[in-house]
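Some notes on the structure that comes next.
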Amino acid sequence: MALDFAKHLMQWYNTNKRHLPWRLTNDPYAVWVSEIILQQTRVDQGMVYYQRFMKAWPNVSALAKASEDDVLKLWQGLGYYSRARNMHATAKLIVQNFNGSFPSDYNTIKSLKGIGSYTAAAIASIAFGQTFPAVDGNVQRVLSRVFGVLEAVDGKTGKKQIDDLSWQHIDNEDPGNYNQAVMEFGALQCLPANPQCGQCIFRESCYALLNGLTASLPRKQKKPTQKIRYFNYIWMRWQSGNQSWVALDKRLHNDIWKGLYEFPMIETEKPVHFDEITLLPAFQQLVQNNRFNIRAQSAPVTHQLTHQKIIAKFFHLNFETPLDLMKENKLSLINQSEIGNYPIPRLIDRYLQQNEF
DNA sequence: AATGCGGGGAT
DNA sequence: ATCCCAGCATT
């Protein structure tokens with residue numbers, strides 16, 4: 001199986017690989033330039049920059065002699081500008097400390113500014129033929145799907161599993177092309193969304209495909225940054241005997257509440273103040289008559305939370321609906337929604353037309 | 001383990 | 001709008 005993966009992959013690579021300029025050479029400088037440019041950058045976008053960069057500074061010493069401003073200028077529009085600054089600094093360091101020739105030792109390569117474990121492995125394998133698996137986003141995706149890495153690939157254990165797999169399957173005879181083959185496979189076949197599984201060479205053995213997990217692998221543990229937004233609503237409270245009642249406004253689709261105030265209220269990025277809200281005339285009257293204690297609330301919530309959860313949390317479910325009292329007070333209960341085991345009364349527009357409560 | 005760093009393409 | 005891209009350095 002271990003041999004099979006690399007063998008099939010290399011065959012696929014030979015017939016399907018794209019013809020890219022940095023694949024025409026094993027010059028460590030060219031490999032370095034291409035790898036830095038391609039960090040978090042699509043091939044299509046980086047291509048032009050690579051050509052211009054190599055034309056402007058074809059080797060380490062040329063780059064070392066350039067001014068940082070010129071390097072940054074060429075980098076303009078590519079993003080992650082520390083890449084350019086690091087390259088320039090590293091070129092000067094290579095001239096100073098390594099006599100202008102790119103180091104071939106993995107740990108030395110990795111010690112250079114802007115070169116981490118991925119780039120060091122890529123340079124060591126592609127330029128110097130050493131067996132170091134280069135693990136990037138493509139590799140994480142391909143290996144986690146084909147071999148079924150269920151742990152998060154950015155977590156400790158998942159990373160270890162990917163690392164083990166990549167050492168297990170790397171082609172010692174041609175590590176540089178093996179590394180590029182996995183990445184190319186990830187970029188052309190095993191796509192993040194809508195992978196081309198129908199014509200995939202691993203379709204009969206791929207763990208993810210066989211278990212219907214292609215869409216959910218690789219798993220990531222990093223949760224998306226949660227935006228705080230505010231669900232705004234008005235709640236009313238009134239006493240009747242020993243009972244305290246609460247009425248909420250009605251939620252419509254798209255997180256809009258409507259009914260108690262003039263304009264539909266919608267989710268906002270900042271809390272809403274009561275002053276900013278205009279109640280419908282009928283309710284203004286009720287407030288003036290001290291029949292109701294009425295407040296506006298803005299509840300900070302993460303977007304994922306449902307309206308029901310917000311209400312439940314806000315009121316701590318500390319009220320029970322006295323249906324009888326509702327009727328006695330001539331409030332027609334139009335709708336109930338279950339929150340947990342507690343029914344919550346909702347006011348709807350019909351109430352507003354009844355001036356008598 | 002989490003963040004910041006960027007611009008662009010695909011969905 | 002959100003995710004992701006041939007990641008790395010810093011905290």
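Throughout, a chain's letter reflects where its sequence line sits, starting with A, and its residues are numbered from 1.
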(message) On DNA chain B, compare the nucleotides closest to T41(A) and D44(A); which residue's is nearer the 5' end?
(response) T41(A)
(message) Say we look at dA1(B) and dA6(C): how far apart would their C1' atoms be, to the nearest angstrom?
(response) 24 Å
(message) If I pick the P atom on dA1(C) and the same atom on dC5(B), what distance separates them, to the nearest angstrom?
(response) 22 Å
(request) Describe the nucleic acid contact of W22(A) in one word from base, sugar-phosphate, nothing, applying a heavy-atom distance below 4.0 Å. (result) base
(request) Return yes if a side-chain donor-acceptor contact under 3.5 Å exists between Y118(A) and E35(A), otherwise no. (result) yes
(request) Take the protein atom CG of L191(A) and the nucleotide atom P of dA10(B), then report the distance between them rounded to whole Å. (result) 11 Å
(message) If you only use heavy atoms from C-beta on, which nucleotide in dA6(C), dC5(B), dC4(C) is closest to the side chain of R23(A)?
(response) dA6(C)
(message) Rounding to an integer number of Å, can you tell me how far Y118(A) OH sits from dC5(C) P?
(response) 12 Å
(request) Please determine if a side-chain N or O atom of T119(A) lies less than 4.0 Å away from the OP1 or OP2 oxygen of dC8(C). (result) yes
(request) Starting from C1' on dC5(C), measure out to CD on Q45(A) and report it in whole angstrom. (result) 9 Å
(request) Using only side-chain N and O atoms of Q39(A), determine if any of them is under 4.0 Å from OP1 or OP2 of dG7(C). (result) no
(request) Return the value, rounded to whole Å, for the distance between atom CE of M87(A) and atom C1' of dC8(C). (result) 14 Å
(request) For E173(A), look at atom CD and say whether over 12 heavy atoms of other residues, nucleotides or ligands are found less than 6.0 Å away. (result) no
(request) Answer with yes or no whether the side chains of R83(A) and T41(A) bring together a donor and an acceptor at under 3.5 Å. (result) yes
(message) Between C1' on dC5(B) and CG on L78(A), what's the gap in Å once rounded to a whole number?
(response) 13 Å
(request) Remember a base hit wins even if backbone is also touched, and classify S34(A) as base, sugar-phosphate or nothing at under 4.0 Å, heavy atoms. (result) nothing
(request) Using the P atom on both, measure dG8(B) against dC8(C) and round to a whole Å. (result) 22 Å
(request) Return the value, rounded to whole Å, for the distance between atom CG of D136(A) and atom P of dC5(C). (result) 8 Å
(message) Base, sugar-phosphate or nothing for L112(A)? Non-hydrogen atoms, less than 4.0 Å.
(response) sugar-phosphate
(message) Closest-nucleotide mapping onto DNA chain C: is I115(A) or R141(A) further toward the 5' terminus? I mean the 5' end.
(response) R141(A)
(request) Could you check G114(A) against R42(A) and say which one's nearest nucleotide on DNA chain C is further toward the 5' end? (result) R42(A)
(request) Please name the residue in the list Q161(A), K160(A), Q168(A) that meets the side-chain hydrogen bond (donor to acceptor under 3.5 Å, both in side chains) test with D164(A). (result) K160(A)
(request) Ignoring hydrogens and angles, state whether a donor on the side chain of D105(A) or N107(A) is under 3.5 Å from an acceptor on the partner side chain. (result) no
(request) Could you tell me whether the side chains of D27(A) and T25(A) share a donor-acceptor contact shorter than 3.5 Å? (result) no
(request) For L217(A) and dC4(C), give me the distance from atom CG to atom C1', rounded to whole Å. (result) 16 Å
(message) Could you tell me how far apart Q40(A) (CD) and dC5(B) (C1') are, to the nearest whole angstrom?
(response) 10 Å
(request) Using heavy atoms to find the nearest nucleotide of DNA chain B for R83(A) and N194(A) separately, return the residue whose nucleotide is more 5′. (result) R83(A)
